[in-house]
Each structure stands twice: as C-alpha cells, then as structure tokens.
Amino acid sequence: HCNLLSIQHKSAETKMRLISKTYLTHTCIFVAGWVLGLNFSAVLDTVPLHFNDDNDHIIVIDKDEPTVQLETGNVPTVGTQQDTVTVGSANIIHENVCGEKANDLVSKEWKMLCQGIPPNEDGTSRYGNLVSDAVDIFQAGKHISIVQIGAHTGFEPNDPIALGMTSLMNALDTHGKSPPKDFFHWSFVEPSPANYRRLVKNISNYTDVCDMKSFNAAVVSDFSPETKKEILFYSVSEDIDPETGVDSRTGKTLPHYITQVSSLSMEALNYNRGQFKRRGLNMDEYVVPTNVTAKRYTDLMDDIHSTKKRDGINADTPLFVMIDTEGFDCEIILGISPDSPYLPKYLLYESKICKLSKKVETENHLRSMEYDVFKIGGDNTMAIRKK
C-alpha cells in the first residue's frame, strides 16, 4: 500500500520522501532503508501507521536528525520530537471520532462538539471544536479536564458524550506517543447515594481509558452561604435498578431512565408519577428523601482540581463541563461566579426543564461571562466561551 515516488539525496541532509494515499507500514521504511543503506530504527516508534484515505500524505525522514514530519498537501508540519500527535495523526483522530465511521457514536450534541458551532460555509467554525482543541492540548503535553455534573451511573445509552469521549481517548491512545490516561481527567459528580454507588462501580470498569474520579455531592450556587453543608435530595429507592429499571420488590420494569429523575425537588419525579401508576405502583413508596453534601460550584472544582494537584497534575480550567440535574441546570449556571477560575470553554446543559424566565436569565448570565449560546434541538443548550 505504499508508493515510493521519489528519493532525494543531499550531502548535508539525507532525506526520504514517501507518499501514501492509504496506509504506511514499517515495511516501507525498512525497504527504503535497505535501498539507501540507512538505519531508520531510531524513528520507527514515531512513524504514524494509519493515514486518512482521502488525502495525500508526505512523510519526511531526516537521517541526520531522525524526526518524523507529516505533511498533508501544503499544510506545515507540527512541532518537534517531543510532540505527542502529528498533523496527519490529528486529522485521523478527528476523522475516527467525528467522521462517517463514527456515525454510530454521534449524538447531536457530540456532532456539534466535533464540528464547532456554528459551522462556516467551508465547514469550519470560528470557535474551533472540542476534539481539535483536545488534540492540541494533548499534543502540547498539557492536561485535559472534563466534568459531568449529574452523572447518574455513567456511560448510559442516552448519555450524549460518553461514547464520543471514550472514542476520542482511544484514538489519542492509538495515534499519540503518550497514553491519554496520563493527560485526560474525567470527573463525575452525582448526589444520589444509590446512583453514586453504581457510578463508582461503573467507572472502575473504565480505568484503562483515562484518569476517572467520582464525587458524591449536589452542586449549589457560588453565592450560597458557606455554612450550607447539606441539602435535601429526593432519590429513587435502590430497589429499582438504576440502569435497567427493574423493581426488585415486584419484578416489574420501569423505564431505564427512571432513577435519573432524582432531583433537589419533587417536580421531575411527579412528572413521571404515571410511569409508576401504569404498573400498579405507588411512586411515593419509592422516593427516598436524603440529606446530601452540598458543594458550591467553585468549591467543587477546587476539590476536583486540588486532587489532581496533589498528584502533581496541573489542569486548572475544565475544557468541557456537562450539567444534567433534572431542572436545576439553570440554577447551577446562574450560581457560577464570573470570577470563578473554572469557567470551561465548552458548557453543555439541559435547558428544556428550566422555566422560560430562568432560560433567558441563564443565557444573559452566560453572555456576561463571554459565552456565546446555541440551542441544540429542543432539549439542550451549548455555551462556548470566546476567550
């Protein structure tokens, strides 16, 4: 699968150019090395093995300074030997995570995180996009932090980012020099005690993907009194499996999402009261009021990132925060102080349950903090910080 089109010799620098439209294998390197009498073993570990089928790629291997540079057309190469991802690998990562091959993974939210919002006529975005930003941060050897507030049990079928994020980290692992586990930090926040126990169990199955941590707390406003350490939270009984919806008391099955509507108020639960009634169940017998730990937004982020600092990791500002708290998303955002050092570039929240006046107030608050705000369908809203 490799076409050797030209080999150029220079007295000061001996270079080899290989052009491939599909896949470059180590065989190509060894054959060219045998023809020229050169030893490329020093650079084999840095040669990308998979190229985007739709583009011409040029690999330049310098004998005297054995680094590998990758060019796509006239696009300049990125960086030095210390870089973790080449230009070509970055293109491949984006294609694998966001392209046609990834359609099965793509929620409308993830698609917008891939493409950027809004796309220009040429398909680009004036904001960039989360995937390219993550690759750039990773390529620079810096740390990436993402946070899910209202994580429920994690990695659920209706989670709009779980498959996309894990696909991104797997792609970074395949095409980067350093494992993403060392640089990618994913924090899950869930207040319901029953849901949190399952969350801890679930993320233990993904420890090979990246650094994951869980936090059992409800998020409240940065402007809440410091003395407010606990808050009343309405959970669904642990008798109902938080992933399958199976009721161990009766053997009946409720919708799999039913424990996701645990909340700081009874409103979301009351909205789903009919799901219990249709199965001959009394919802009130399954609601468990519990006092849970209350954390102001910035204090929670302090906890998340101070844990990382204790581990010698500097990842102060989250790249992405997702909020899904069954009606309290707007309250949480309204409670984020403009002076918080933890304003993410990308903020996704469920806006459909917010009252209209709160929606408008929330959007205005976000704009005051240098965000542009975009609706995604009828359920969610994306905010992207311009700074």
Side-chain angles (χ1 to χ4, degrees), residues 107-110 147-166 188-206 214-220 231-294 322-332 348-355 358 376-381:
S107 63
K108 58 184 179 292
E109 293 84 4
W110 184 252
V147 180
Q148 277 188 254
I149 297 173
H152 193 235
T153 62
F155 304 99
E156 293 149 308
N158 63 343
D159 187 319
I161 69 160
L163 286 176
M165 284 292 182
T166 52
F188 300 81
V189 183
E190 172 57 39
S192 166
N195 293 341
Y196 180 76
R197 282 189 282 273
R198 183 63 63 87
L199 172 66
V200 171
K201 180 180 178 181
N202 284 347
I203 66 175
S204 69
N205 296 324
Y206 290 85
S214 57
F215 297 82
N216 188 198
V219 182
V220 296
I231 192 168
L232 185 62
F233 190 86
Y234 298 92
S235 293
V236 175
S237 168
E238 212 161 356
D239 290 337
I240 297 177
D241 188 280
E243 292 179 279
T244 66
V246 174
D247 174 21
S248 63
R249 298 182 196 175
T250 65
K252 296 179 180 180
T253 301
L254 288 100
H256 68 88
Y257 62 79
I258 199 68
T259 62
Q260 294 181 23
V261 299
S262 300
S263 180
L264 290 169
S265 81
M266 284 290 295
E267 187 172 350
L269 283 161
N270 284 330
Y271 183 81
N272 286 275
R273 186 177 288 274
Q275 296 290 355
F276 289 84
K277 189 174 182 180
R278 283 193 287 274
R279 292 162 176 81
L281 303 175
N282 180 358
M283 187 191 77
D284 294 330
E285 295 177 359
Y286 290 86
V287 176
V288 182
T290 310
N291 284 323
V292 300
T293 300
M322 186 175 88
I323 304 174
D324 184 0
T325 57
E326 298 305 320
F328 279 81
D329 298 41
C330 288
E331 297 289 348
I332 290 173
L348 174 65
Y349 65 99
E350 187 181 36
S351 53
K352 71 173 181 178
I353 307 180
C354 297
K355 292 180 172 60
K358 288 292 183 183
I376 304 177
D379 295 349
N380 297 322
T381 298

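FYI, the numbering just counts along the sequence from 1.
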- Message: On a heavy-atom basis, which atom in Phe233 and which in Ser192 lie closest, and how many Å separate them?
- Response: CE2-CB, 3.7 Å

- Query: Between the main-chain N or O of Ser262 and the side-chain N or O of Ser235, is there a donor-acceptor pair closer than 3.5 Å?
  - Reply: no

- Message: If you compare all heavy atoms of Tyr234 against all heavy atoms of Met266, which two are closest, and at what distance to 0.1 Å?
- Response: CD2-SD, 3.6 Å

- Message: Testing the basics here: between Asn195 and Thr259, what is the closest heavy-atom pair and its distance to 0.1 Å?
- Response: ND2-O, 3.2 Å

- Test salt bridge (Lys or Arg N to Asp or Glu O under 4.0 Å) applied to Glu238 - qualifying residues, sequence neighbours left out: Arg197

- Item | Partners meeting side chain to side chain contact (heavy atoms under 4.5 Å, CB included) with Ile353 (sequence neighbours left out) | Glu326, Glu350

- Please, which pairs that meet salt bridge (Lys or Arg N to Asp or Glu O under 4.0 Å) have at least one residue in residues 276-287, sequence neighbours excluded? Arg273-Asp284

- Query: Heavy atoms, side chains only, cut-off 4.5 Å: are Ile240 and Tyr286 in contact?
  - Reply: yes

- Message: side-chain contact (heavy atoms from CB on, under 4.5 Å), that's the test. Do Ile231 and Leu264 meet it? Break it down for me.
- Response: CA-CA 8 Å; Ile231 192 168; Leu264 290 169; 3.8 Å; yes

- Item | Asp247 side chain to Thr253 backbone, donor-acceptor under 3.5 Å | no

- Note on the structure: Closest non-hydrogen atoms of Ala151 and Glu190, given as atom of the first, atom of the second and distance, are N-OE1, 3.5 Å

- Query: Can you check whether Asn272 reaches Tyr257 side chain to side chain, under 4.5 Å on heavy atoms?
  - Reply: yes

- By salt bridge (Lys or Arg N to Asp or Glu O under 4.0 Å) - contacts of Asp159 (at least two apart): none

- Query: Closest heavy-atom contact between Leu254 and Leu281?
  - Reply: CD1-CD1, 4.0 Å

- Item | Between CG on residue Asp324 and CG on residue Asn380, distance to nearest 0.5 Å | 7.5 Å

- Message: So, taking the atom named CD in Glu109 and the one named CG in Leu348, what distance separates them when rounded to the nearest 0.5 Å?
- Response: 6.0 Å

- Dump the intermediate steps for side-chain contact (heavy atoms from CB on, under 4.5 Å) on Met283 and Asn270, then the final yes or no. CA-CA 9 Å; Met283 187 191 77; Asn270 284 330; 3.6 Å; yes

- Atom pair CG/CZ of Asp241 and Arg198 - distance to nearest 0.5 Å: 4.0 Å

- Thr153 and Pro242: which non-hydrogen atoms are nearest, and at how many Å? CG2-CB, 3.7 Å

- Residues two or more places apart in sequence or in another chain: which of them pass side chain to side chain contact (heavy atoms under 4.5 Å, CB included) with Asp379? Lys352

- Query: Any donor and acceptor pair, going by atom type alone, linking the side chain of Thr381 with main-chain N or O of Tyr349 inside 3.5 Å?
  - Reply: no

- Query: Are side-chain heavy atoms of Ile258 and Phe276 found at a separation under 4.5 Å?
  - Reply: yes

- Message: When you compare the side chain of Val292 with that of Pro193, does any pair of heavy atoms fall below 4.5 Å?
- Response: yes

- Given the rule in the side-chain contact (heavy atoms from CB on, under 4.5 Å) test, do Asn291 and Leu232 qualify, once you have shown the distances and angles that lead to the verdict? CA-CA 5 Å; Asn291 284 323; Leu232 185 62; 3.9 Å; yes

- Task: Kindly compute the distance separating CZ (Phe155) from CD (Glu243), expressed to the nearest 0.5 Å.
- Result: 11.0 Å

- Rounding to 0.5 Å, atoms OG (Ser263) and CG (Leu269) come to a distance of 7.0 Å

- Contacts of Ser214 that satisfy side chain to side chain donor-acceptor pair (under 3.5 Å) - sequence neighbours left out: Tyr196

